[in-house]
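See structure below.
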Amino acid sequence: MSEDMNALLLTEYMRLELTEMPEPLPGPDDVLVKVRACGICGSDVHGFDGSTGRRIPPLVMGHEAAGEVVQIGSAVADLRVGERVTFDSTISCGRCFFCAAGEVNLCDDRQVMGVSPGSYRRHGAFAELVAVPRRIVYRLPEAIGFEQAALIEAVSVAVHAVGLIPVRLGETAVVVGSGMIGLLAVQAARLAGCARVVAVDIDEGRLELARQLGATDVLNPRAVEPADAVRELTGGRGAGAVLECLGAAATVRTAIACARKGGTVALVGNLAPAVELPLQDVVTRQIRLQGSCASSGEYPAVIDLLSRGAIRVDPLISAVAPLAEGPAWFERLYRREPGLMKVILRP
Ligand SMILES: [Zn+2]
Ligand SMILES: [Zn+2]
């Protein structure tokens, strides 16, 4: 018989309730994880207000989590109860063409934890317990705390995006948008060999954080035209690597304008479903536009990077709070309270 657990349920748009729900039952290939930390993602906040249409209530959100294994399915042989783990936000099928090629982020039957776009409903980790397939679970070393581990998913997104760009040692990178993913992309670009990393944002506090985390230059579009400033920094050429981490018409335009001829613009942000493309500029300057979705296989490398301090996430954690305070924190994030980056809930 299954028992009840606490969960933070989106009962309708703009309404989260701490409630009792049946504990999930792990299937043969699953492990049951006691959630110790789960980050609130920007996409959860956009799901909360219904703007993305990908969090249709009723739903338990939460896809940036870490915890302890409390039960293993009958077919799981290589994990034990008590082990500290994190897991991918993407639940890949493990069988399709893309999964076979290792591109699990492109899986034909891809589901995302804590998401319900209409075609499926997959309850997430703003709950005491969550059941996940063993194949998406990764062990955590002692050096990584649960709260830090809750950021592994976001770090993987940034590392994946940088990995899709052909970076030459000494390259200049521009990161448009200094939110969570942007600030992680700044660090990943430095690690990838970019000697100069330029962060662009309209928020001075975020630019200061970008500088602390390794940006060599910061640009505020309210004060300077980013493309002009980037050209000035690069002998008139522009940047070989640009990461667009916001996904709005103006920021995509800025990202393309910052790229040098033959440069690559990785499109990571996707707030707007469609934006206007400066087609002739992209074609005649032979800009490569590279979409980047989630991550595929970066978790082990990211766990290693975090455990060695090569990527820092602590400065990005604004608050750690009990699950019961989740509704209040969602409100504060929804109201765009200044200075808030990652808020982590502890069930
Ligand atoms: Zn997320
Ligand atoms: Zn698949």
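Order of listing sets the numbers, starting from 1, for every ligand and every atom in it. Quick note: residue numbers are just sequence positions, from 1. Quick caveat, the model's predicted, so the values are computed rather than measured.
Here the rule is salt bridge (Lys or Arg N to Asp or Glu O under 4.0 Å) with R134, and of D30, D78, D88, D29 only D78 fits it. Partner of T90 under the side-chain hydrogen bond (donor to acceptor under 3.5 Å, both in side chains) criterion, out of Q111, R110, E153: R110 alone.
With the Zn ion (ligand 2) as vertex, C107 SG and C93 SG subtend 100°, rounded to 10°.
Residue Q286 qualifies as open at atom CD: its count of foreign heavy atoms under 6.0 Å is 12 or below. For OH of Y334, the number of neighbouring non-hydrogen atoms (other residues, nucleotides, ligands) closer than 6.0 Å is 12 at most.
The distance cut-off of 2.8 Å around the Zn ion (ligand 1) captures these protein N, O or S atoms, sorted by chain and number: C41 SG, H63 NE2.
Going from atom OH of Y299 over to atom CD1 of I136 covers 8.0 Å, rounded to the nearest 0.5 Å.
Residues in residues 58-98 take part in no ring-ring contact (aromatic ring centres under 6.0 Å, His included) pair, two or more places apart or across chains.
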